[in-house]
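A quick write-up on the structure given underneath.
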Amino acid sequence: MVNFDYQNPTRVVFGKGTIPQAGALLKEYAASRVLLHFGGGSIKANGVYDAVKKSLAAAGIEAVELPGVQPNPRLSLVKEGIKFCRDQKLDFILAVGGGSVIDSAKAVSVGVPYGGDVWDFYTGKAIPQKALPVATVLTIAAAGSETSWSSVITNDDGGWKRPLDHQTIYPVFSILDPETTYSLPAYQTACGITDMFVHVFERYFTTVKNVDLTDRFCEAVMKTIINNARRLLENPRDYDARAEIMWCGSLAHNNLAGTGRIGDFASHMIEHELSAFNDVAHGAGLAVIVPNWMKFVYKHDIPRFVQFAVRVFGVEENFHNPEETALRGIRALRDFYTSLGMPATLSEIGVAEKDFQAIAGKIRKFDETRGTTGNFLPLTSKDVLEILKLAK
Ligand code: NZQ
Ligand code: ZN
């Protein structure tokens, strides 16, 4: 195990009928004038907007609205939000929606007190010193932004998609009512399930040895996701399955699963450039990339791939041929994604081979000197290109 410094400060209020607590919670955290940030209208259709407004009014909280966050949230709206918060003298942001709305809110929150261009935080040119407090009402179990220290924003100017990870942007509190997710289209539910699975998966594939507790924790979360995804395929209004999936989404990415180990995250960096390139849903892009990343790297540590196959997917171990077991694990994950209706190839998500080189060239590097991405097996741009070719 490697040393770590772990704190997750986000308060989670979880369960059926919890949204009416929003106003009182905001009051508890001394909010007075709040930016109500949301997306393209799903919260008006499913009643979440009305429930939030009613709760804020009952608590005497003033709210001004900034709707219009798109999936793969854009920097241009973030800048609009920063100006809006300053002009309106707002002191708190309530994000109501999914990862895109929450990430947009976090970007606004660090931009308001900053004199420069908020994009500086996403290129590493500046580090946030402070932020407006952000709270969330989550409506899709997916990105884990409701308890994460990340915000991922797409710069409309050139289509760069970049993450910011920083302590200042953990939400103060998040309300998670699994019933809000009943209105999700099956495709979005599946994208969310894929994404949360990969958050654990990226942490699981580490080169750090003796990480037994977090191995077992990661396996428990991945197995719970698989079992409850299957239940949701049968019955999308199964409350208990929705609740398990929603809590998995937060635990997958609040970084408890990453304590004492160094995760990989190359698949995420590759996917971010896919979604910046053609606006594909993040989970769908991951479903294409991850099994091909596995095929590219598995020989680097066959025992870990065997452990994944056996413990997560229940593959019977072939003691004479570990490689065969490893490959069956990769196949099992591919089949799981297919059962959810996720795409398997880049051509299915509209990415052509002529674009591979440009995409591979844009991937965020973890090690600028060596020009590599990912930690399990640091990948060069040439390696990324090979993975894209495997995924075509
Ligand atoms: O815009 P609205 O109308 O709200 O519709 C959304 C959107 O079209 C819809 N939706 C959300 N809740 C719904 C609903 N529709 C019906 N009923 C509901 N209850 O779903 C669509 C997708 O929403 P989005 O917020 O984009 O989904 P998700 O939560 O998957 O967020 C994806 C974004 O998060 C980033 C991704 O890169 C992507 O940009 N990520 C953020 C992370 C973080 N901050 O920690 C980590 C992740 O790895 C990820 O990169
Ligand atoms: Zn993700």
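One-based numbering, in listed order, for ligands and for the atoms of each. Index from 1, following the sequence.
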Atom of [X], atom of [Y] and distance for their closest heavy-atom approach:
{"X": "S145", "Y": "S150", "result": "OG-O, 3.7 Å"}
{"X": "V2", "Y": "R261", "result": "CG2-N, 3.8 Å"}
{"X": "D103", "Y": "V152", "result": "OD2-N, 3.0 Å"}
{"X": "A107", "Y": "I82", "result": "O-CD1, 4.4 Å"}

Quick one: does [X] get within less than 4.0 Å of ligand 1, heavy atoms only?
{"X": "D103", "value": "yes"}
{"X": "H199", "value": "yes"}
{"X": "K161", "value": "yes"}
{"X": "P73", "value": "yes"}
{"X": "G97", "value": "no"}

Is atom 45 (O) of ligand 1 touching the protein, meaning some protein heavy atom lies under 4.0 Å away? yes
If you count the atoms of ligand 1 from 1 in the order shown, which ones are under 4.0 Å from a heavy atom of [X]?
{"X": "H253", "value": "45 (O), 46 (C)"}
{"X": "S183", "value": "16 (C), 17 (N), 18 (C), 19 (N)"}
{"X": "N72", "value": "38 (C), 39 (O)"}
{"X": "G39", "value": "1 (O)"}
{"X": "H268", "value": "48 (O)"}
{"X": "P71", "value": "7 (C), 8 (O), 26 (O)"}
{"X": "T139", "value": "11 (C), 12 (N), 13 (C), 18 (C), 19 (N)"}
{"X": "N46", "value": "17 (N), 18 (C), 19 (N)"}

Region of S148 that comes within reach of ligand 1 [heavy atoms, distance under 4.0 Å]: side chain
For R231, look at atom CZ and say whether over 12 heavy atoms of other residues, nucleotides or ligands are found less than 6.0 Å away. yes
Count the heavy atoms belonging to other residues, nucleotides or ligands that lie under 6.0 Å from CD1 of I302, then report whether that count exceeds 12. yes
I need the nearest protein heavy-atom contact for [atom]: residue, atom name and distance, please.
{"atom": "atom 24 (P) of ligand 1", "result": "S100 OG, 3.4 Å"}
{"atom": "atom 50 (O) of ligand 1", "result": "H272 NE2, 2.9 Å"}
{"atom": "atom 3 (O) of ligand 1", "result": "S42 N, 2.9 Å"}
{"atom": "atom 13 (C) of ligand 1", "result": "L184 CD2, 3.3 Å"}
{"atom": "atom 22 (C) of ligand 1", "result": "Q188 OE1, 3.5 Å"}

Name of whichever N/O/S atom of D195 is nearest to the Zn ion (ligand 2): OD1
Within the structure, does [X] bring an N/O atom to less than 3.5 angstrom of an N/O atom in ligand 1?
{"X": "I43", "result": "no"}
{"X": "A142", "result": "no"}
{"X": "T181", "result": "no"}
{"X": "G99", "result": "yes"}
{"X": "K106", "result": "no"}

Between K295 and E386, does at least one N-O distance fall below 4.0 Å, as a salt bridge requires? no
Taking only Lys NZ, Arg NE, NH1 and NH2, and the carboxylate oxygens of Asp or Glu, determine whether D177 and R242 approach each other closer than 4.0 Å. no
Report the member of S145, A143, G40 with the shortest heavy-atom distance to atom 40 (N) of ligand 1. A143
State whether a side-chain donor-acceptor pair under 3.5 Å links E146 with Y170. no
What I want to check is whether the side chains of Q167 and Q7 have a donor and an acceptor closer together than 3.5 Å. no
What orientation do [X] and [Y] show, parallel under 30°, tilted 30 to 60°, or perpendicular over 60°?
{"X": "F313", "Y": "F197", "result": "tilted"}
{"X": "F376", "Y": "H300", "result": "perpendicular"}
{"X": "F305", "Y": "Y298", "result": "perpendicular"}
{"X": "W247", "Y": "F14", "result": "perpendicular"}

Are L176 and L232 grouped together when hydrophobic residues (ILVMFWY) are joined by side-chain heavy atoms under 4.5 angstrom apart? yes
Strictly under 2.8 Å, is the Zn ion (ligand 2) approached by any N, O or S atom of H282? yes
Centre-to-centre under 6.0 Å for F201 and F308, is that the case here? yes
